[in-house]
Amino acid sequence: MIERDIRVDTDALEQAAAEIATAWKAAEAGHPAAPTDRLYFASWEALCAVLTPKRYELLRHLRRAPADGIRALARDLGRDVKRVHEDVTVLEELGLVERGADGRLTMPFDEIASSIRFAA
């Protein structure tokens, strides 16, 4: 199973920096750390601004049925090509959507797990 971990934490930047520092030190000592696949958001609002209901629908659709390109995906979803292009661009930048050399769009994850930290 391919999984992506999403975390919401007011200390998101510090958490990510700490993980990088730990991995760096381990690598310098000759013990490379196993790679992690996490996205950090500083707030629930930041997460919701990026993972909107339409983008969630797009991810679910691509997981079930990869698309031959933006136009094909927009047609499948019954949405405007420009808006789908914007959504795909954001999701690609986050690594949630992949575009092959042939333009084919896929969502490579079986599961996206999230955790929300409420207390410091």
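Only a predicted model underlies this, so the values are computations on that prediction, with no experimental measurement involved.
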key: Point-to-point distance, once rounded to the nearest 0.5 Å, from NZ of Lys82 to CG of Asp80   = 8.0 Å
query = Can you get from Leu58 to Val81 by hopping between Ile, Leu, Val, Met, Phe, Trp and Tyr side chains that sit under 4.5 Å apart?
reply = yes
query = Should Tyr56 and Leu62 be regarded as members of a common hydrophobic cluster, given that ILVMFWY residues are connected when their side-chain heavy atoms come within less than 4.5 Å of each other, either directly or indirectly?
reply = no
key: Nearest-0.5 Å distance that lies between atom CG in Leu59 and atom CZ in Arg64   = 11.0 Å
message = Would you compute the distance between atom CD of Glu86 and atom CZ of Arg79 and round it to the nearest 0.5 angstrom?
response = 9.0 Å
ask   = Does a side-chain N-to-carboxylate-O contact under 4.0 Å join Arg60 and Glu57?
value = no
query = Atom CD1 of Ile112 and atom CD1 of Ile6: how far apart are they, to the nearest 0.5 Å?
reply = 5.0 Å
ask   = Given His61 and Asp76, is the side-chain contact (heavy atoms from CB on, under 4.5 Å) satisfied, shown in steps?
value = CA-CA 9 Å; His61 178 81; Asp76 290 348; 3.4 Å; yes
Return all side-chain donor-acceptor pairs below 3.5 angstrom for residues 91-98, not counting sequence neighbours, or 'none' if the list is empty.
{"unit_1": "Glu92", "atom_1": "OE1", "unit_2": "Arg99", "atom_2": "NH2", "d": "2.8"}
{"unit_1": "Glu92", "atom_1": "OE2", "unit_2": "Arg99", "atom_2": "NE", "d": "3.2"}

query = Which value, rounded to the nearest 0.5 Å, describes the distance between Arg83 atom CZ and Ile70 atom CD1?
reply = 13.5 Å
query = Under 3.5 Å, side chain of Arg55 to main-chain N/O of Val50, donor-acceptor pair present?
reply = yes
Distance in Å, Arg63 CZ paired with Asp110 CG, rounded so as to fall on 0.5 Å steps = 4.5 Å
Acceptor/donor pairs from residues 102-109 side chains to any protein atom, 3.5 angstrom cut, sequence neighbours excluded:
{"unit_1": "Asp102", "atom_1": "OD1", "unit_2": "Arg104", "atom_2": "N", "d": "3.0"}
{"unit_1": "Arg104", "atom_1": "NH1", "unit_2": "Asp68", "atom_2": "OD1", "d": "2.6"}

